Amino acid sequence: MSKGFVAINVERCKGCSFCVEFCPTHVLALSSAFNSKGYHTPHVVASDKCSGCDLCGMYCPDFAIYGARYAR
Amino acid sequence: MSEQLLEVECEIPEGSFNPVEPFLRMDRIPHIWCAGCGIGTTVNCFTRALLESKANLDKVAIVSGIGCTGRVAGYARLDSFHTTHGRAIPFATGLKLANPELQVVVYSGDGDLFAIGGNHFIHAARRNMDIKVICVNNLTYAMTGGQTAPTTPSHVISATAPYGVFEPAFNLVQLADACGASYVARWTTFHVKQLARSMEEVLKKKGFCFIEIVSPCPTLYQRRNKMGDGLDTMKYYKQASKIRHGAPTSECSLSKSGEIVVGKFIDRERPDYYELLQAQMHDTLGERYAEPEVGCSEC
Amino acid sequence: MHADPRGVLTGVHFLDGDHACCEGTLAAGARFAAGYPITPSTEVVERFASRIPTVGGIFIQMEDELAASIAIQGAVWGGAKAFTVTSGPGFSLMMEHIGYAAITETPCVFVNVQRGGPSTGLPTLPAQADMMQAKWGSHGDYGIIALCPNSPQECFDLTITGFNLAEEFRVPVMMMLDECVGHMTEKVIIPPAEQIEVSPRRYTHKPPAEYRPFEPDGTQVPEMVKAGDGYRFHVTGLTHDERGYPSMNVTTQDRLVRRLVDKLKPFSNGRAICETAGLEDAEVAVVSYGITSRVAQRAIELARKRGIRAGKFRIISAWPFPEQHIAELAGRVKAFVVPELNLGQMVHEVERAAAGRARVIPVSHAGGTVHDPEVILKAIVEAAQ
């Protein structure tokens, strides 16, 4: 079970890929799916690696993603 | 169409929300900034700084000027003022002096603060006015289409320099230092953790504080100069940045594609404007001095 | 409510207009001023700088008029009554921020002690050539209130009125002095504080969830708010809706900008401030303001001695223009004579309001000194024919 989770608001995303690039454990990848504006959005490809550090949330210029630790 | 997506998802706990959302006027999201623009990233850092500093959000006022960064005031769920081009700092001065209890943050861009607003910047720094100036420096006038700014490095193409900029650019941290700012730091939008920490420091520090944040403008600055998109720029920041706390600010100039010196350069103690005012008045007037009651509820 | 006695210098004084104006600001409750030195206005803030530390407030000399004119607005949103002071060249610099005060409905006062222009002009000599600029100087459509004192006593009294009107209408108010009135020294009576009526800021009592910073109540003027009270409001110079959020479309523009102008209509209709004499039987109405009105007074007396039925209409609130009064007079008199220390500014408003029903004779003057009463008399004689 991973330490953290990622929540993505797909419609807000503009596909800049900051989150994908700077996630320290490579939890995310840019999907070939796209939102209603035509942007390719990230999706979780390695959820077990997520530590909930929220670096993705800090990088996201569109407030479209955040990460958090599961409460224990 | 799309290939088969990996079905791995995260389980999101009930009631979980993006920590930035309570700080935003969510009825105005999505914002106007472009894909890959770094302004939103700086807002995330500012949010974290507000949280960590345990600031009373009712007492934090944000003042901005005109430009892409100037739009931050409209999105931040604080008492916010979107003022005229270049004049966020004098507005903030009046606001702060009327109610010294307020934490007044000026959040604006490089053109707004240093071209048209340059005079106000240097005087507020000189006076050590207790305001915190957050400058998103995307090296251009983004909102109006990417014209030359006082920070645009030499040889860069801009909308008003189609053959390349040849004017020397301002070194903002040196300028802030020379004018007497109490706190001077520079980060890029890549340095989210350090930036949030710097912002938290200034929220806890009295005096004129200045943070420069180098940020991409992929639509105009990077595109015109074939420097890639926002992600390419962030990778450049990661590769080219050198953290040098305490470096002499005169050695921190930016260039088209060279090294970016980041870090905290100045953190000094000086009495701020209000303290100086009080000291002088008490000294000369003694008991005749009446404590200022500038902004009041009953007047 | 009554003036705060800490700011009221009760007594009988011998003051010049600039100094009296400063006392007016203090009596009105101003506790913040930002200024930049410019002749012939500087004494207003010099006195304020000297008085305010014992009254309890702040004066800051800003780096230029652009800074001064917006610093006062920051102070207003921080809860203060605030003003700035300038003359022609500084007034020109302040224009953008007068427009900002108009669209953000920031109550504040701008004192312009007019001097010869254009440009650097005649720094130490009077003129009245900024009158149109007071109304139209900033870009776009908006309204302001402008008052014209003609004596140091009025510099005191009308400044208080100016602050009160700013609060009532949430509008920038222009105090249009001139170098003569500003630098003439006369008796000024400052009454006890309890005899001075001061309008408090109309702060909202609605809770933050209900309050809209730009939603007018029945008077077309929204209630006010200040930073630090938990309202988390937004103020912008962009065209905005009732929430204060930018809303840049045709419908909002129409609604907002029309209201900015219309909200002053109650003031222009029936509340215009003026001083009249001898108009009941007048064949000629002499319309003037500021220092020129005192010279015109002499000319009117000389005309009456010659048997010409000349009457006085002294404009005190120049903007919104008292068009109803002028229109009414136009139906009764043969002609208006309009002496001004400019090449014709308010005379155009008189012509507009008269709508051709009476002749309008300007008596212009490029500025630098006051009219010779004989020149105004000559125009009255011509008007009476």
Side-chain angles (χ1 to χ4, degrees), chain A residues 1-24 27-72, chain B residues 1-21 23-24 26 28-49 68 75 136 189-196 215-216 218-219 229-235 237-238:
Chain A
M1 188 56 197
S2 66
K3 288 207 277 213
F5 65 91
V6 177
I8 303 171
N9 182 322
V10 165
E11 279 303 309
R12 245 183 243 163
C13 174
K14 298 226 262 296
C16 73
S17 302
F18 291 178
C19 56
V20 172
E21 176 73 20
F22 296 119
C23 171
V27 169
L28 303 163
L30 212 58
S31 158
S32 55
F34 44 87
N35 63 16
S36 65
K37 293 202 168 119
Y39 290 111
H40 290 288
T41 59
H43 66 138
V44 174
V45 298
S47 65
D48 54 310
K49 296 239 176 59
C50 178
S51 68
C53 72
D54 193 30
L55 261 183
C56 53
M58 288 195 72
Y59 276 111
C60 181
D62 294 287
F63 318 126
I65 188 172
Y66 70 95
R69 293 186 213 283
Y70 285 115
R72 287 271 170 262
Chain B
M1 249 293 275
S2 59
E3 71 206 30
Q4 183 65 28
L5 294 179
L6 288 168
E7 290 297 341
V8 184
E9 292 293 345
C10 295
E11 195 195 310
I12 297 158
E14 191 76 33
S16 174
F17 58 88
N18 190 331
V20 78
E21 287 186 9
F23 294 84
L24 299 174
M26 290 310 296
R28 293 198 65 217
I29 298 299
H31 55 58
I32 56 147
W33 301 314
C34 302
C37 167
I39 297 174
T41 308
T42 70
V43 173
N44 287 320
C45 301
F46 186 57
T47 302
R48 300 317 187 267
C68 287
Y75 297 118
V136 177
T189 47
F190 167 72
H191 300 92
V192 287
K193 289 281 189 206
Q194 297 94 326
L195 176 57
S215 172
T219 308
D229 63 10
L231 183 63
D232 294 318
T233 313
M234 291 284 267
K235 287 178 179 170
Y237 293 162
K238 180 176 174 179

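Note on naming: letters A, B, ... go to the chains in the order of the sequence lines (proteins, then strands), and numbering restarts at 1 for each one. Basis for what follows: all heavy atoms, side chains included, without hydrogens, waters or symmetry-related copies. These numbers were taken from a predicted model, which means no experiment stands behind them.
Using a 4.5 Å cut-off between heavy atoms, B:Leu231 contacts chain A through both its backbone and its side chain. When heavy atoms are compared at a cutoff of 4.5 Å, A:Ile65 approaches chain B solely by way of its backbone atoms N, CA, C and O. Neither the backbone nor the side chain of B:Leu195 has a heavy atom closer than 4.5 Å to any heavy atom of chain A. Neither the backbone nor the side chain of B:Asp229 comes within less than 4.5 Å of any heavy atom in chain A. Residue contact with chain A, scored on non-hydrogen atoms closer than 4.5 Å, involves the side chain of B:Val20 exclusively. For A:Ala68, no part sits under 4.5 Å from any heavy atom of chain B, backbone or side chain.
Residues A:Tyr70 and B:Glu11 form a side-chain contact, since some pair of their non-hydrogen atoms from C-beta on lies under 4.5 Å apart. In this structure, B:Asn44 and A:Tyr59 have side chains that are not in contact, with every pair of non-hydrogen atoms separated by 4.5 Å or more. Looking at B:Asn18 and A:Cys60, their side chains never come closer than 4.5 Å, going by heavy atoms from C-beta outward. Counting only heavy atoms from C-beta outward, the side chains of A:Arg12 and B:Ile29 approach each other to under 4.5 Å. The closest side-chain heavy-atom distance from B:Trp33 to A:Asp62 is not below 4.5 Å.
B:His31 places a side-chain N or O within 3.5 Å of a backbone atom of A:Pro61 that can act as its donor or acceptor partner.
Of residues 14-24 of chain A, those residues with a non-hydrogen atom less than 4.5 Å from any non-hydrogen atom of chain B are, in numerical order, A:Lys14, A:Cys16, A:Ser17, A:Phe18, A:Glu21, A:Phe22.
In this structure, CG on A:Asp54 lies 4.5 Å from CZ on B:Arg48, to the nearest 0.5 angstrom. Atom CZ of B:Phe23 and atom CZ of A:Phe63 lie 12.0 Å apart (nearest 0.5 Å).
Counting heavy-atom pairs closer than 4.5 Å to chain A, the top residue among B:Gly40, B:Cys37, B:Cys45, B:Pro218 is B:Gly40.
Minimum heavy-atom separation, B:Pro30 to A:Lys37: CG-NZ, 4.1 Å. Smallest separation of non-hydrogen atoms from A:Ala7 and B:Ile12: CB-CD1, 3.7 Å.
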* Asked: Can you check side chain to side chain contact (heavy atoms under 4.5 Å, CB included) on B:Thr47 and A:Met58, steps first, answer last?
  -> CA-CA 9 Å; B:Thr47 302; A:Met58 288 195 72; over 6 Å; no

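Between the side chains of B:Ser16 and A:Tyr66, a donor-acceptor pair is found at a separation under 3.5 Å.
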